[in-house]
Chemist: 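One structure, as structure tokens, below. Some questions next.
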Protein chains: 2
Amino acid sequence: MKRRTTPAQTAILDLLKSSGSALSQDMIEQKMKGETDRVTIYRVLNRFCEDGLTHRIVSDDGKSYFALCHGCQGNHHTHDHFHFRCLTCQKVECLSEKVQVSLPQGYRATNVNAWVSGYCAGCI
Amino acid sequence: MKRRTTPAQTAILDLLKSSGSALSQDMIEQKMKGETDRVTIYRVLNRFCEDGLTHRIVSDDGKSYFALCHGCQGNHHTHDHFHFRCLTCQKVECLSEKVQVSLPQGYRATNVNAWVSGYCAGCI
DNA sequence: GTTATTATTGCAACAATGTTGCATTAGTTG
DNA sequence: CAACTAATGCAACATTGTTGCAATAATAAC
Ligand SMILES: [Mn+2]
Ligand SMILES: [Mn+2]
Ligand SMILES: [Zn+2]
Ligand SMILES: [Zn+2]
């Protein structure tokens, strides 16, 4: 299944790049003014994740956010950083700080989903 | 609005106490064998949170889990600890370890939602 | 440039989680 | 017991996300 270049995909990728933050499907739909079907947006975002272009973080607002991978080398992906969601401007950012947690004896971690919500510098 | 004691509420509270882990609505519905309507379960759980009996954590499996408050004094609640979800046995635990994260300059945190998923000691 | 192949899209339908309106039931108080 | 009203059950709805399928269009082959 070789990927094809389509307007929807390049538009969504451009949005992710230019926004500099993580976006949810509904944010993208708004910014595209409904020109692209919401199912297509979901499928494009899932494909980006499969291809290692983005990572998905599930927020406590009930939505998935998609952020461009940054610092992932080839097949080796690590997304064990915190994310911040501003309750006023809704912006979602990847924080640089890595999640550090020691599990009970015998536990094995395979994934991390860590959020802080509050108010960003511009919205205090 | 004074609370009343009802079979549904005591049953759900007993389940939370005896399970020793965080439970989701569907887990509770299963354990109660469908004797209580799912809307009632949701309402009871929300009431428990309002009353400071439980706290809610939203998982990346798309469900909310409810855990008994433990160590919260009166009105002062702090639920800034990590949670672990076992991908095999589905159990959700509050970890003792507190979330430590330093935000960018000027940011203010109001809430934390931190998860680690993987395999617990019994499911490795 | 034309044709063939099939990845991608749009639409409808569906699934899962959670909430709300409203009539009925049942704790609590006197 | 009677009155009051919190809590429940049911239907309906909202939101987020996925799947089936026919139509479209990007790419490769000729
Ligand atoms: Mn990555
Ligand atoms: Mn608490
Ligand atoms: Zn902000
Ligand atoms: Zn387990």
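We name chains A, B, ... by the order of the sequence lines, and we start the count at 1 in each one.
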Chemist: Measure the spacing between OG of B:S21 and NZ of B:K91 and express it to the nearest 0.5 Å.
Modeler: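 If we round to the nearest 0.5 Å, B:S21:OG and B:K91:NZ are 5.5 Å apart.
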Chemist: Please state how far atom NZ in A:K2 lies from atom C1' in D:dA26, giving the value in whole angstrom units.
Modeler: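 Distance, rounded to whole Å: 12 Å.
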Chemist: May I have the distance from B:D60 (atom CG) to C:dA16 (atom C1'), rounded to whole angstrom?
Modeler: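 Rounded to whole Å, this separation is 16 Å.
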Chemist: Could you tell me how far apart B:Q30 (CD) and C:dA16 (P) are, to the nearest whole angstrom?
Modeler: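 That distance rounds to 12 Å.
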Chemist: Quick one: is D:dA7 close enough that its OP1 or OP2 comes under 4.0 Å of any side-chain N or O from B:R3?
Modeler: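 Indeed, a polar side-chain atom of B:R3 lies that close.
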Chemist: Between atom CZ in B:F48 and atom C1' in D:dA7, what is the gap in whole Å?
Modeler: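 So the CZ-C1' distance, B:F48 to D:dA7, works out to 12 Å.
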Chemist: For A:C94 and A:H81, which heavy atoms make the closest approach, and how far apart are they?
Modeler: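 Taking every non-hydrogen atom into account, SG-NE2, 3.5 Å.
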Chemist: Count the heavy atoms belonging to other residues, nucleotides or ligands that lie under 6.0 Å from CZ of A:R108, then report whether that count exceeds 12.
Modeler: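 Result for CZ/A:R108: open.
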Chemist: Could you check whether the side chain of A:R4 and the base of C:dT6 have a donor-acceptor pair of N or O atoms closer than 3.5 Å, going by distance alone?
Modeler: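 Checked by distance alone, the answer is yes.
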Chemist: At under 4.0 Å between heavy atoms, how does the protein contact nucleotides 8-19 of chain D? Give one character per nucleotide, 5' to 3', with B, S or -.
Modeler: BBBB----SBBB
Chemist: Determine whether A:L103 and A:V112 fall in the same hydrophobic cluster, where Ile, Leu, Val, Met, Phe, Trp and Tyr are linked whenever their side-chain heavy atoms lie under 4.5 Å apart.
Modeler: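 Yes, because A:L103 and A:V112 connect within a single hydrophobic cluster, where side-chain heavy atoms sit under 4.5 Å apart.
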Chemist: Rounded to the nearest 0.5 Å, what separates atom CD in A:E29 from atom CD1 in A:I12?
Modeler: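 So the CD of A:E29 and the CD1 of A:I12 are separated by 10.0 Å.
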Chemist: Taking the six-membered ring for Trp and the full ring for Phe, Tyr or His, determine whether the centres of B:F48 and B:F66 are under 6.0 Å apart.
Modeler: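 No, they do not, as the ring centres are separated by 6.0 Å or more.
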